[in-house]
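Data block below; observations after.
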Amino acid sequence: MVVVAGNDRYLARFLTGLAGSLRQVAGDSLLHVHAVGRLRPETTDLLRSVADAISHDRTAERFSRTYYTCGRFLAAPTIMAAWRRDLVIVDLDTVFVAAPACLGSQMAGGDLGFVPNNHVVPWETIDACCLYLKATPSVMAEISLIADLIATRFAEDRAEYYLDQGVLASVRHAARWRPAAPRWRPLSIDGLFVSANAASVEGKVRELHQKMLDLGVPYPA
C-alpha cells in the first residue's frame, strides 16, 4: 500500500499526477491518502475519486509546513494497524515511473527500508522521500516510536523543518543498540519515481513532462 499525506493545496496540485502514475505502473496497488487541515469540497471529491482509503487530521491546532511533511509518519501507525500490510510512504509530489512493489526485492534481510542521504550531518543522513515498512511487530513498534517522537516535538513547540529526517536518522542510529529493533535496509530509488515539485529547472521540467506523457498522466498544474 502506498501512503501519502498533504494539505488542501498540495493535494489539489499533486494528487492527480501521483494517483494516475501509480495506476499506470501498478494498477493493483492500493493508495491511502492522509489529508491534513481544512479541505475544499472539490478536494474532498478528488480524494474520493482516486484514493482507496482516506484518513483526515482535522484536530491539530498548528498547521505548518513542518506538520504537513510529518503528517504521514504521525498517521503511519494507525494505517499499518488497520491494514496489516507492507506500506510504502512517499512524498505527495511523487510521479511513479516503476511499480513501488519493486522495492520489496531490495528488502532481503531487512524490515524497514530507507533512502540514504550522502550528508555528513548525522540528522540529515536519511531522505524522507521514501520509506518501506514491512508489516511486522518490530516495524510497527518502530514506526510508533517515530510517530511519538515527532508528536512530542510538536507538543513542546520545537518542531523545526526537517524534523522527520532528524527523527528517522536518530531512531535508525539507536536501532543498533536495541536487540528488538527492526533491521534497517538502504534502498535505491533510481528509476522508481520523479519529483513533480522539484521540476523547476527547464531540463527537469522537460524530463518530467516527457515521463508523464509516456505514462499517459495529466501534467499537474
Side-chain angles (χ1 to χ4, degrees), residues 2-15 18 32-39 43 55-80 87-95 111-133 139-178 181-182 184-187 189 193-201 204 220:
V2 173
V3 176
V4 295
N7 66 342
D8 183 278
R9 175 171 169 262
Y10 268 64
L11 289 169
R13 183 178 179 187
F14 295 116
L15 184 56
L18 179 143
H32 185 115
V33 180
H34 180 68
V36 180
R38 183 178 300 175
L39 300 178
T43 306
S55 50
H56 191 181
D57 182 352
R58 304 175 178 89
T59 61
E61 296 179 359
R62 296 186 301 275
F63 290 108
S64 65
R65 189 180 177 197
T66 302
Y67 193 88
Y68 298 142
T69 64
C70 293
R72 53 196 164 161
F73 301 112
L74 291 168
T78 301
I79 296 171
M80 180 166 275
L87 303 182
V88 179
I89 302 176
V90 295
D91 290 340
L92 181 57
D93 62 357
T94 294
V95 177
D111 306 295
L112 199 160
F114 71 99
V115 178
N117 249 345
N118 295 321
H119 290 186
V120 175
V121 182
W123 52 88
E124 293 183 358
T125 55
I126 291 183
D127 192 324
C129 68
C130 182
L131 206 67
Y132 190 103
L133 306 177
V139 171
M140 181 67 185
E142 198 86 333
I143 197 63
S144 295
L145 172 62
I146 289 166
D148 288 345
L149 290 172
I150 290 174
T152 297
R153 297 287 288 195
F154 278 105
E156 296 172 349
D157 199 22
R158 295 193 301 136
E160 303 87 356
Y161 199 56
Y162 294 121
L163 172 62
D164 51 354
Q165 291 187 13
V167 170
L168 289 171
S170 298
V171 172
R172 179 197 168 227
H173 181 72
R176 68 190 70 183
W177 291 288
R178 293 182 287 116
W184 289 66
R185 171 71 64 188
L187 296 175
I189 55 172
F193 58 74
V194 293
S195 169
N197 201 29
S200 56
V201 179
K204 285 290 185 181

Original post:
Which atoms form the tightest heavy-atom contact between Ala147 and Phe73, and what is the distance?
Top reply: CB-O, 3.5 Å
Original post:
Any donor-acceptor pair under 3.5 Å linking the side chain of Arg158 with the backbone of Arg153?
Top reply: no
Original post:
Rounded to the nearest 0.5 Å, how far does CG of Leu112 lie from CE of Met140?
Top reply: 12.5 Å
Original post:
Which value, rounded to the nearest 0.5 Å, describes the distance between Leu18 atom CG and Asp93 atom CG?
Top reply: 8.5 Å
Original post:
Do Asp57 and Tyr67 touch side chain to side chain, with heavy atoms closer than 4.5 Å?
Top reply: yes
Subject >> Contacts of type ring-ring contact (aromatic ring centres under 6.0 Å, His included), residue His173, not counting sequence neighbours >> reply: Trp177
Original post:
Any side-chain heavy atom of Leu92 sitting closer than 4.5 Å to one from Tyr68?
Top reply: no
Subject >> Minimal non-hydrogen separation, Val171 against Arg178, with atom names >> reply: O-NH2, 3.2 Å
**OP:** Search all heavy atoms of Ala175 against all heavy atoms of Pro182 and return the closest pair with its distance.
**Re:** CB-O, 4.5 Å
Subject >> Leu163 side, atom CG; Thr66 side, atom OG1 - distance, nearest 0.5 Å >> reply: 7.5 Å
**OP:** Could you check if a side-chain atom of Phe193 sits within less than 4.5 angstrom of a side-chain atom of Val95, using non-hydrogen atoms only?
**Re:** no
**OP:** To the nearest 0.5 Å, tell me how far Asp111 CG sits from Glu142 CD.
**Re:** 9.5 Å
Original post:
Less than 4.0 Å between a side-chain N and a carboxylate O, is that true for Asp91 and Arg72?
Top reply: yes
**OP:** Look up atom OG1 in Thr94 and atom CD1 in Ile89, then write down how far apart they are to the nearest 0.5 Å.
**Re:** 12.0 Å
**OP:** Identify the heavy atoms of His56 and Val36 that sit nearest to each other, and give their distance.
**Re:** CD2-N, 4.3 Å
**OP:** Could you walk me through whether Leu187 and Tyr132 pass the side-chain contact (heavy atoms from CB on, under 4.5 Å) test, one step at a time?
**Re:** CA-CA 9 Å; Leu187 296 175; Tyr132 190 103; 3.9 Å; yes
Subject >> Beyond-backbone contact of Arg38 with Asp8, side-chain heavy atoms, under 4.5 angstrom >> reply: no
**OP:** Find the distance between CE (Met80) and CD1 (Ile143) and round it off to the nearest 0.5 Å.
**Re:** 7.5 Å
Original post:
Cys129 versus Ile189: any side-chain heavy-atom pair under 4.5 Å?
Top reply: yes
Original post:
What closest approach, in Å, do Val139 and Leu133 show between heavy atoms, and which atom pair accounts for it?
Top reply: CG1-CB, 3.8 Å
Original post:
Tell me, do Val4 and Phe14 make a side-chain contact under 4.5 Å, heavy atoms counted?
Top reply: no
Subject >> Taking every non-hydrogen atom, the tightest pair across Leu74 and Ala151 >> reply: CD2-N, 3.8 Å
